[in-house]
Amino acid sequence: MNFVTEYEAWLRPGRVVSRDHGKEIQADVWACGIPRDVFIGTSNIPDESDVVTLARLLEKAPERLAEFNSFCEQQGLVPDIADERAACQFLEYLNGACVAWIHLPVGPDQDALLARIREVADQLELDVRGPV
């Protein structure tokens with residue numbers, strides 16, 4: 001049995017990318033020598049949880065509503081807090097978003113591989129978080 005330590009690659013706050021960004025960049029990561037079974041790009045699918053999270057944020061910080069409306073206008077989104085896509089993209093812009101899972105194999109090469117992953121992630125303006 002092979003053991004792994006789980007990490008995540010996160011988009012840095014302040015960026016707007018497609019919901020399939022993780023899948024779009026994974027080939028670039030693999031081309032840098034990171035194995036396919038180690039770096040797995042994800043898709044971020046908007047859903048009701050984004051609407052709930054945005055509502056909670058606006059309850060605590062109602063002044064953020066103007067920022068949400070401005071963001072939506074700039075991105076061509078419907079400025080409706082019940083719109084899943086608008087809520088998701090705004091939250092990703094504020095907080096960043098997980099765009100890949102990293103399954104780091106436990107073993108003698110793990111530190112070197114993690115250092116290489118961090119280097120490649122930094123070039124792509126991603127942060128490696130974990131272990132999770």
Side-chain angles (χ1 to χ4, degrees):
M1 174 182 273
N2 295 328
F3 292 97
V4 298
T5 304
E6 301 291 342
Y7 290 82
E8 295 175 338
W10 276 69
L11 185 68
R12 293 177 182 159
R15 295 183 61 202
V16 177
V17 298
S18 80
R19 71 182 193 184
D20 292 320
H21 186 68
K23 294 202 178 287
E24 293 164 356
I25 63 168
Q26 67 185 1
D28 295 333
V29 173
W30 299 337
C32 292
I34 307 304
R36 291 174 181 256
D37 60 343
V38 171
F39 189 96
I40 302 164
T42 62
S43 295
N44 293 323
I45 310 296
D47 63 24
E48 182 63 26
S49 68
D50 297 304
V51 172
V52 170
T53 302
L54 178 60
R56 288 183 183 147
L57 171 71
L58 295 176
E59 283 176 16
K60 294 178 182 175
E63 67 278 4
R64 290 271 172 135
L65 180 58
E67 187 179 359
F68 170 76
N69 289 333
S70 175
F71 173 84
C72 289
E73 183 179 312
Q74 292 170 7
Q75 298 301 316
L77 299 167
V78 177
D80 177 358
I81 62 172
D83 183 86
E84 292 174 355
R85 183 170 170 236
C88 179
Q89 287 191 6
F90 181 66
L91 292 169
E92 289 177 354
Y93 176 78
L94 287 181
N95 304 318
C98 179
V99 296
W101 297 320
I102 300 167
H103 306 302
L104 184 69
V106 173
D109 298 328
Q110 72 185 30
D111 291 341
L113 180 55
L114 181 58
R116 179 66 179 137
I117 291 168
R118 289 185 189 281
E119 180 182 306
V120 171
D122 192 56
Q123 293 170 3
L124 296 169
E125 298 182 48
L126 302 173
D127 292 324
V128 175
R129 296 185 184 180
V132 293

Transitive ILVMFWY side-chain link Leu58 to Tyr93, under 4.5 Å: yes

Distance, nearest 0.5 Å, that separates CD of Glu8 from CH2 of Trp101: 9.0 Å

Spacing of Asp50 atom CG and Gln89 atom CD [to the nearest 0.5 Å]: 10.0 Å

Same cluster (ILVMFWY, side-chain, under 4.5 Å), Leu91 and Val99: no

Shared hydrophobic cluster for Ile40 and Ile34 (ILVMFWY, side-chain gaps under 4.5 Å): no

Trace of the side-chain hydrogen bond (donor to acceptor under 3.5 Å, both in side chains) decision for Ser18 with Asp20: CA-CA 5 Å; Ser18 80; Asp20 292 320; 5.4 Å; no

Gap separating the NE2 atom of His103 from the CG atom of Asp37, nearest 0.5 angstrom: 8.5 Å

Residues Leu77, Asp83; criterion side chain to side chain contact (heavy atoms under 4.5 Å, CB included); working and verdict: CA-CA 9 Å; Leu77 299 167; Asp83 183 86; 5.6 Å; no

Separation of Glu24 CD from Gln26 CD (nearest 0.5 Å): 10.0 Å

Chi angles and distances behind the side chain to side chain contact (heavy atoms under 4.5 Å, CB included) call for Arg64, Leu94: CA-CA 11 Å; Arg64 290 271 172 135; Leu94 287 181; 3.1 Å; yes

From CG (Leu113) to CZ (Arg118), nearest 0.5 Å: 11.0 Å

Closest approach of Ala86 to Asp80 (non-hydrogen atoms, all atoms of both residues): CB-O, 4.3 Å

Parallel, tilted or perpendicular: rings of Phe90 and Phe68 (30°, 60°): perpendicular

Heavy-atom check, side chain of Pro131 versus side chain of Leu104, under 4.5 Å: no

Closest non-hydrogen atom pair between Asn69 and Pro79, with its separation: OD1-CB, 3.6 Å

Cluster link Val17 to Trp10, ILVMFWY, side chain under 4.5 Å: no

Joint hydrophobic cluster, Ile117 plus Leu11, side-chain heavy atoms closer than 4.5 Å: yes

Main-chain N/O of Cys98 paired to Arg129 side chain as donor or acceptor, under 3.5 Å: no

Which atom of Val51 lies closest to which atom of Ala82, heavy atoms considered: CG2-O, 3.6 Å

Main-chain N/O of Ala66 paired with Ser70 side-chain donor or acceptor, under 3.5 Å: no

Verdict with reasoning, Gln110 to Thr5, per side-chain hydrogen bond (donor to acceptor under 3.5 Å, both in side chains): CA-CA 9 Å; Gln110 72 185 30; Thr5 304; 5.1 Å; no

Arg116 CZ: over 12 foreign heavy atoms closer than 6.0 Å: yes

Inter-residue atom distance Leu65.CG - Glu63.CD, 0.5 Å rounding: 10.0 Å

Steps toward side chain to side chain contact (heavy atoms under 4.5 Å, CB included) verdict (Leu114, Tyr7): CA-CA 10 Å; Leu114 181 58; Tyr7 290 82; 3.5 Å; yes

Shortest non-hydrogen separation from Glu48 to Glu84 and the atoms involved: N-OE2, 3.3 Å

Trp30 (side chain) donor-acceptor with Phe39 (main chain) under 3.5 angstrom: yes

Check: Glu119 main-chain N/O paired with Asp122 side-chain donor or acceptor under 3.5 Å: no

Which atom of Val4 lies closest to which atom of Pro105, heavy atoms considered: CG1-CA, 4.0 Å

Worked check of side chain to side chain contact (heavy atoms under 4.5 Å, CB included) between Phe71 and Val16: CA-CA 10 Å; Phe71 173 84; Val16 177; 3.7 Å; yes

Heavy-atom pair with the smallest gap, counting every atom of Arg12 and Asp127: NE-OD1, 2.9 Å

Arg19 side chain vs Cys88 backbone, donor-acceptor pair below 3.5 Å: no

